[in-house]
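Remarks on the structure that follows.
Throughout, protein chains are lettered first and strands after them, A, B, ... in sequence-line order, and every chain is numbered starting at 1.
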Amino acid sequence: MRLYSTLTRRLEELPPAPGPIRMYFCGPTVYQRAHIGNARPFVLGMWLRAWLRDRGYEVTLVHNITDINDKIYEAAPGASAELAARAARWYLDDIGDLGLGLPDELPQATQYVPQIVAFIEQLVDRGAAYAAGGDVYFAVESDPGYGRLSGQRVDQMEPEERSSLKRAPEDFALWKATKPGEDTSWESPWGPGRPGWHIECSVMAEEAFGPVFEIHGGGLDLVFPHHENELAQSHALGHGFAEIWTHNGLLTFGGEKMSKSLGNDVSIRNVVDTWGREVVLLFFLSGHWRKPIEFTDATLQQAKAQAEGFRNVFRSPSEPGGDWSALEAALDDDFNTPEALAAMHGWRDRELLRRGLSLFGLGSLAEREEAPAELTALAAARQRAREAKDFAEADRLRDEIAAAGWEVRDAAGGFELVPSPLQPDVGGSTADVSSS
RNA sequence: GGCGCCUUGGCCGAGUGGUUAGGCACAGGUCUGCAAAACCUGGUACACCGGUUCGACUCCGGUAGGCGCCUCCA
């Protein structure tokens with residue numbers, strides 16, 4: 001099993017099973033309903049965990065929730081703690097509804113402030129950080145390897161407005177003194193305040209795993225500065241930190257990165273309600289994890305058609321054939337889900353296909369839905385009408401069944417009722433972009 | 001200015017130095033009372049310009065266009 005690592009810019013072989021494989025995937029900052037782009041690292045992490053476990057690994061997935069951040073203060077002045085708690089619950093509900101289960105741990109920054117303070121104190125003791133006016137900053141100059149992950153060079157970065165407290169513009173905050181209007185703060189050796197974003201993740205990851213772990217994941221937009229800074233912080237204490245860095249491609253909408261700040265985001269909630277969880281998962285499955293994917297009605301529609309195609313396999317007799325090793329080869333080679341999907345499209349062996357789909361939380365496509373008794377009665381009546389060659393009546397009954405959202409399909413010696421794929425749940429519009 | 005990524009047939013999307021990716025849509029056919037589903041068949045693609053090579057969509061260089069990051073961001 002190998003995965004592409006941002007750190008080395010090439011494919012890295014994982015240690016042999018059973019590992020262990022410890023994975024830390026960055027989650028969202030919670031201050032409103034998370035958008036569908038936020039779901040990608042979560043989905044990828046859960047799929048990777050499932051696959052590695054299938055391959056005999058001992059895997060632990062930790063997925064954090066950032067509930068201390070400037071954004072939260074801005075979004076709810078004076079009531080940020082309540083908002084963060086509420087939005088964290090939304091996020092848990094939303095990812096839960098994707099039907100993939102939950103990560104092994106879901107740490108929140110607010111639970112780790114004492115550990116964060118202790119970590120910062122060590123950095124200060126080592127001379128890698130300095131206090132200034134109630135803030136504490138990381139001294140980037142102290143890390144000769146800074147830029148190892150992103151390739152950014154401090155001397156080439158765009159000029160930034162100088163903070164009077166920082167010694168150098170590239171230094172970043174580990175601890176921020178509390179400001180007027182902020183409704184949460186914690187005590188520290190430097191006075192009341194709150195942790196900076198990057199240190200939260202360094203600490204939560206190390207609290208879960210210790211100073212070294214195998215995989216750190218997150219969106220491509222986190223490479224710099226967030227992950228670069230995490231790495232610098234932990235290296236400053238002599239910790240190896242993450243060995244393989246996986247960064248998923250971003251979701252675009254209208255050709256641009258989907259993001260709250262651009263206002264072109266569509267919530268997970270909205271997409272799951274509109275299209276259903278299986279379609280969302282198939283949508284993610286159809287693109288390689290490292291590449292961007294464009295969120296459009298057309299691509300969702302295609303994912304929906306694929307879901308229907310898989311359901312139809314389970315409405316037909318199982319036919320032996322198909323090669324599990326094709327799926328293994330695809331997934332072991334940088335977790336190539338589009339290729340795995342292509343392999344599964346060739347399978348008519350129900351058990352094999354069910355096993356493959358289940359890896360991705362799509363085992364439900366194998367389940368058949370019972371029609372309501374009254375529709376079964378109508379279908380039976382239609383069957384009798386056909387036998388009596390009363391085709392006008394048969395067609396009328398078929399229309400009546402269709403109006404109820406079901407489709408009659410003639411089967412050998414009888415009929416089958418399936419929920420109409422044209423009806424009704426899936427209007428399929430992404431027009432309702434959140435406006436706030 | 002710096003760092004990195006991308007450009008495949010109507011659409012989505014893998015991949016490889018010489019072999020049909022796959023899916024969606026579409027068209028024709030088989031089946032059907034007619035449909036639906038299923039199955040069969042069909043379109044021969046790799047931004048542009050050079051180079052390397054017996055041979056490049058696949059390697060190298062350049063051009064154009066697009067995207068991400070350098071500020072909160074999955």
Side-chain angles (χ1 to χ4, degrees), chain A residues 6 9 25-29 31 34-45 63-64 66 69-72 74 147 149-161 170 172 197 217-226 228 247-252 255-262 265 282-283 285-288 290-294 296 298-306 308-313 315-317 326 330 333 336-346 348 385-387 389-392 394-395 398-399 402 407-412 415-416 418 420-422:
Chain A
T6 309
R9 310 269 169 195
F25 273 56
C26 276
T29 299
Y31 60 95
H35 63 71
I36 190 67
N38 290 306
R40 182 120 99 139
F42 165 77
V43 169
L44 176 64
H63 189 235
N64 73 288
T66 300
N69 197 317
D70 289 355
K71 283 282 181 187
I72 306 172
E74 291 165 17
L149 179 66
S150 64
Q152 295 286 345
R153 293 191 358 228
V154 166
D155 57 328
Q156 291 289 353
M157 293 201 289
E158 278 182 348
E160 180 193 329
E161 284 184 39
E170 64 272 17
F172 54 90
W197 178 36
L220 192 58
D221 52 350
L222 296 186
V223 175
F224 191 91
H226 187 233
E228 189 72 66
H247 289 103
N248 59 272
L250 303 178
L251 210 66
T252 60
E256 284 180 300
K257 168 186 173 182
M258 181 180 286
S259 70
K260 294 165 196 163
S261 45
L262 285 173
D265 59 314
L282 244 2
F283 167 71
L285 206 57
S286 68
H288 187 100
R290 279 199 277 132
K291 289 201 172 180
I293 36 177
E294 172 81 5
T296 65
T299 49
L300 272 292
Q301 197 63 50
Q302 290 182 13
K304 188 192 166 199
Q306 293 197 55
E308 193 56 25
F310 282 125
R311 281 196 193 92
N312 283 334
V313 172
R315 292 164 179 151
S316 308
D333 185 14
N336 191 333
T337 58
E339 198 166 311
L341 186 61
M344 290 195 287
H345 272 296
R348 295 294 175 276
R386 290 179 65 218
E387 281 156 12
K389 303 259 190 273
D390 184 355
F391 297 123
D395 290 349
R398 181 164 65 197
D399 289 345
E407 185 179 294
V408 208
R409 294 178 182 171
D410 294 341
F415 59 85
E416 182 169 21
V418 306
S420 171
L422 304 172

[X] near the nucleic acid: base, sugar-phosphate alone, or nothing, with a heavy-atom cut-off under 4.0 Å?
{"X": "A/H35", "result": "base"}
{"X": "A/G27", "result": "sugar-phosphate"}
{"X": "A/G218", "result": "sugar-phosphate"}
{"X": "A/V418", "result": "nothing"}

Expressed in whole Å, how much space separates the [atom1] atoms belonging to [N] and [M]?
{"N": "B/C60", "M": "B/A56", "atom1": "C1'", "answer": "12 Å"}
{"N": "B/G23", "M": "B/U63", "atom1": "P", "answer": "39 Å"}
{"N": "B/U7", "M": "B/U16", "atom1": "P", "answer": "13 Å"}
{"N": "B/U52", "M": "B/U19", "atom1": "P", "answer": "22 Å"}
{"N": "B/C49", "M": "B/G15", "atom1": "C1'", "answer": "25 Å"}
{"N": "B/U71", "M": "B/A64", "atom1": "C1'", "answer": "30 Å"}
{"N": "B/C3", "M": "B/G9", "atom1": "C1'", "answer": "34 Å"}
{"N": "B/C5", "M": "B/G61", "atom1": "P", "answer": "12 Å"}

Separation of [X] atom [atom1] from [N] atom [atom2], in whole Å?
{"X": "A/R290", "N": "B/G68", "atom1": "CZ", "atom2": "C1'", "answer": "15 Å"}
{"X": "A/R311", "N": "B/A36", "atom1": "CZ", "atom2": "C1'", "answer": "16 Å"}
{"X": "A/M344", "N": "B/A21", "atom1": "CE", "atom2": "C1'", "answer": "15 Å"}
{"X": "A/E170", "N": "B/U71", "atom1": "CD", "atom2": "P", "answer": "11 Å"}
{"X": "A/Q306", "N": "B/A21", "atom1": "CD", "atom2": "C1'", "answer": "14 Å"}
{"X": "A/Q301", "N": "B/C26", "atom1": "CD", "atom2": "C1'", "answer": "15 Å"}
{"X": "A/E416", "N": "B/U32", "atom1": "CD", "atom2": "P", "answer": "18 Å"}
{"X": "A/E339", "N": "B/A21", "atom1": "CD", "atom2": "C1'", "answer": "8 Å"}

Verify the contact: side-chain N or O of [X] to OP1 or OP2 of [N], cut-off strictly under 4.0 Å; return yes or no.
{"X": "A/K291", "N": "B/C67", "answer": "no"}
{"X": "A/N312", "N": "B/A37", "answer": "no"}
{"X": "A/K257", "N": "B/A74", "answer": "no"}
{"X": "A/R348", "N": "B/C39", "answer": "yes"}
{"X": "A/T29", "N": "B/A74", "answer": "yes"}

Among [options], find the nucleotide with the atom closest to the side chain of [X].
{"X": "A/Q302", "options": "B/C69, B/U32, B/C12", "value": "B/C12"}
{"X": "A/A342", "options": "B/A21, B/U32, B/C24", "value": "B/A21"}
{"X": "A/P28", "options": "B/C69, B/G1, B/A74", "value": "B/A74"}
{"X": "A/Q152", "options": "B/C3, B/G33, B/C72", "value": "B/C3"}
{"X": "A/N336", "options": "B/A74, B/C72, B/A14", "value": "B/A14"}
{"X": "A/D221", "options": "B/C11, B/A14, B/C69", "value": "B/C69"}
{"X": "A/Q156", "options": "B/C12, B/G1, B/A35", "value": "B/G1"}
{"X": "A/K260", "options": "B/G15, B/G13, B/A74", "value": "B/A74"}
{"X": "A/L250", "options": "B/A14, B/C69, B/A74", "value": "B/A74"}
{"X": "A/A305", "options": "B/C70, B/C24, B/C34", "value": "B/C24"}

What are the two closest heavy atoms between [X] and [Y], and how far apart are they?
{"X": "A/L250", "Y": "A/D221", "answer": "CD2-OD1, 3.8 Å"}
{"X": "A/A330", "Y": "A/A340", "answer": "CB-N, 3.6 Å"}
{"X": "A/L222", "Y": "A/C26", "answer": "CD1-CB, 3.7 Å"}
{"X": "A/A385", "Y": "A/A394", "answer": "CB-N, 4.0 Å"}

Map A/R9 and A/F391 onto RNA chain B by nearest heavy atom, then report which one ends up closer to the 5' terminus. A/R9
By nearest nucleotide on RNA chain B, pick out whichever of A/D395 and A/H345 is the more 5' one.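 On the 5' side of the pair lies A/H345.
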Is it possible for you to check whether A/K260 lies under 6.0 Å from the centre of the six-membered ring of A/Y31, through NZ or CZ, and within 45° of that ring's axis? yes
Using purine N1 to pyrimidine N3 plus N6-O4 or O6-N4 for Watson-Crick, or N1-O2 and O6-N3 for G-U wobble, each under 3.5 Å, what pairs with [N]?
{"N": "B/U52", "answer": "none"}
{"N": "B/G22", "answer": "B/C12"}
{"N": "B/C39", "answer": "B/G29"}
{"N": "B/A47", "answer": "B/U63"}
{"N": "B/C57", "answer": "none"}
{"N": "B/G1", "answer": "B/C70"}

So, A/S259 side chain and A/L262 main chain: donor-acceptor pair closer than 3.5 Å or not?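 Confirmed, A/S259 side chain pairs with A/L262 backbone.
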Is the shortest distance from a Lys or Arg side-chain nitrogen in A/R153 or A/E170 to a carboxylate oxygen in the other one below 4.0 Å?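 No, this pair does not count.
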Would A/R290 and A/N248 satisfy side chain to side chain contact (heavy atoms under 4.5 Å, CB included), going step by step from the backbone distance to the final call? CA-CA 5 Å; A/R290 279 199 277 132; A/N248 59 272; over 6 Å; no
Which class fits the ring pair A/H63 and A/F42: parallel under 30°, tilted 30 to 60°, perpendicular over 60°?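 Plane angle between 30° and 60°, so tilted.
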